[in-house]
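Report on the following structure.
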Amino acid sequence: MKDFIILLFLLPIPALLSCSGEDKTNILLPERPELSDNIAADAQIKELYKQYGVWFRYEFPPETFTYDWSDHLTDPEYTPADVNSVSEVLDSVRSWVFDVFPYQFLAAYLPLNVLLTDSLTTSYSVLDGHLATNYIALGRVGKQFGKQDMNHLREAWVSLFIEKMVISHWKYPAEFASFNPEAYNELAYETGIDLTVRYALLKSGRNGLYNNRGRLCPTTYAQDFGDYVAFILYRNTTEKKEYYDKNEMVKKKENSVRDYFYRDFGFRLEAINP
């Protein structure tokens, strides 16, 4: 029988709290995840967990997704991953994310829980991924996976992994965030503006459309940092120059990210296909 750790949590749900104080509840959690052998991809999941301590989950109870151990419910809705697509997606994550960074770096900072879903949707958008307090979720794990713009999806997933590391473990990238703080404080971005010209952003916020009038969700400094990591790794020299020509601050932000990695982690980010 698997050993259990008893953890004490304060439930942040007002309906469960009395007027006199907060209820305290003991919750039982397994020391290690129970890794199955139901499908062929389970061998890959076990190997990734053994190597990096990351648990990829294509099956999980709804409450794992809908409540992220913080004080709010997460926004997107999801449909379960197509088990026939899991193996291909795991191969892609390994190639796009794990194989391009040093092992010790990944083992120290990768998120512990990665949920695999077929679709992640808000009221106005279908998402590539989602960040929560206790996990990240990858969308497109289904028949739609092979129909995606793989360059776009690769950048989105690299950015998502980096974003989670930034907010969970790393020192705040103060220099990087100081270049365009106004971009992170917008309620939504206006329709039709060039975000690179206006803010030196590479992408809008990960949650897609803000409303049905085409306004875009804002990004965060952590997503922006992740977007720049993906930009450094996967955009070639010609593509990068197009962004430099739009806003000279792009080059400054890129250099700030490069300096951060070398100073804090001891390695240089290099383009995969310069």
Side-chain angles (χ1 to χ4, degrees), residues 48 51-56 68 89-90 92-116 120 127-140 150-180 183-184 195-196 199-208 217-235 239-240 243 250 252-273:
L48 289 167
Q51 278 190 278
Y52 300 102
V54 182
W55 186 14
F56 286 87
D68 67 9
V89 166
L90 293 178
S92 296
V93 171
R94 181 184 280 278
S95 173
W96 296 345
V97 183
F98 291 10
D99 288 350
V100 299
F101 296 103
Y103 169 77
Q104 293 297 336
F105 167 80
L106 293 173
Y109 298 118
L110 279 172
L112 300 179
N113 294 290
V114 180
L115 307 184
L116 304 178
L120 286 169
L127 310 183
D128 300 314
H130 174 62
L131 177 91
T133 302
N134 197 43
Y135 63 83
I136 63 172
L138 304 182
R140 319 285 189 183
M150 290 304 187
N151 291 330
H152 167 85
L153 194 60
R154 177 177 61 185
E155 291 183 2
W157 285 0
V158 167
S159 174
L160 179 61
F161 274 92
I162 294 295
E163 181 184 11
K164 182 62 173 173
M165 296 183 209
V166 170
I167 65 173
S168 298
H169 302 292
W170 299 354
K171 182 172 65 178
Y172 176 66
E175 180 187 67
F176 176 86
S178 70
F179 286 112
N180 55 328
Y184 313 134
L195 295 175
T196 304
Y199 300 115
L201 296 179
L202 305 175
K203 306 279 179 70
S204 60
R206 205 176 299 287
N207 285 336
C217 290
T219 190
T220 64
Y221 80 88
Q223 183 199 322
D224 193 23
F225 192 95
D227 289 342
Y228 267 86
V229 171
F231 177 80
I232 291 168
L233 292 174
Y234 288 117
R235 293 299 180 102
E239 291 171 319
K240 286 174 179 172
Y243 283 86
V250 170
K252 294 178 181 179
K253 291 175 72 174
E254 177 187 337
N255 288 337
S256 180
V257 172
R258 290 180 183 274
D259 291 345
Y260 185 100
F261 269 79
Y262 186 67
R263 182 183 64 248
D264 284 49
F265 306 123
F267 68 92
R268 299 187 186 278
L269 289 176
E270 301 292 347
I272 305 301
N273 295 304

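The basis for the numbers below is simple: all heavy atoms, side chains too, and nothing from hydrogens, waters or symmetry mates.
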Holding to salt bridge (Lys or Arg N to Asp or Glu O under 4.0 Å), I want the full list of residues that pass it with [X], two or more places apart in sequence or in another chain.
X	result
K203	E155
R94	none
D224	K253

Do other residues, nucleotides or ligands put more than 12 heavy atoms under 6.0 Å from [X] [atom1]?
X	atom1	value
R263	CZ	yes
Y109	OH	no
Y103	OH	yes

Can you find a heavy atom in the side chain of [X] that is under 4.5 Å from one in the side chain of [Y]?
X	Y	value
P218	Y184	no
D264	W170	no
Y135	H130	yes
S92	M150	no
F98	L106	yes
I167	L131	yes
C217	R206	no
L269	F267	yes

Nearest-0.5 Å distance that lies between atom [atom1] in [X] and atom [atom2] in [Y]:
X	Y	atom1	atom2	value
K252	F176	NZ	CZ	14.0 Å
Q51	L48	CD	CG	6.5 Å
N207	T219	CG	OG1	10.0 Å
F225	Y260	CZ	OH	5.5 Å
D227	S204	CG	OG	9.0 Å
N255	Y228	CG	OH	10.5 Å

Query - Presence of salt bridge, R140 and D128, under 4.0 angstrom - result: yes
Checking [X] side chain against [Y] main chain: does a donor-acceptor pair fall under 3.5 Å?
X	Y	value
Y234	W96	yes
T196	L202	no
K164	T133	yes

Report task. Kindly indicate whether a cation-pi arrangement holds for R235 with Y243, taking the cut-offs as under 6.0 Å to the six-membered ring centre and within 45° of the axis. Result -> no
Query raised in the report: Is it true that the side chains of N151 and R154 contain a donor and an acceptor less than 3.5 Å apart?
Result: yes
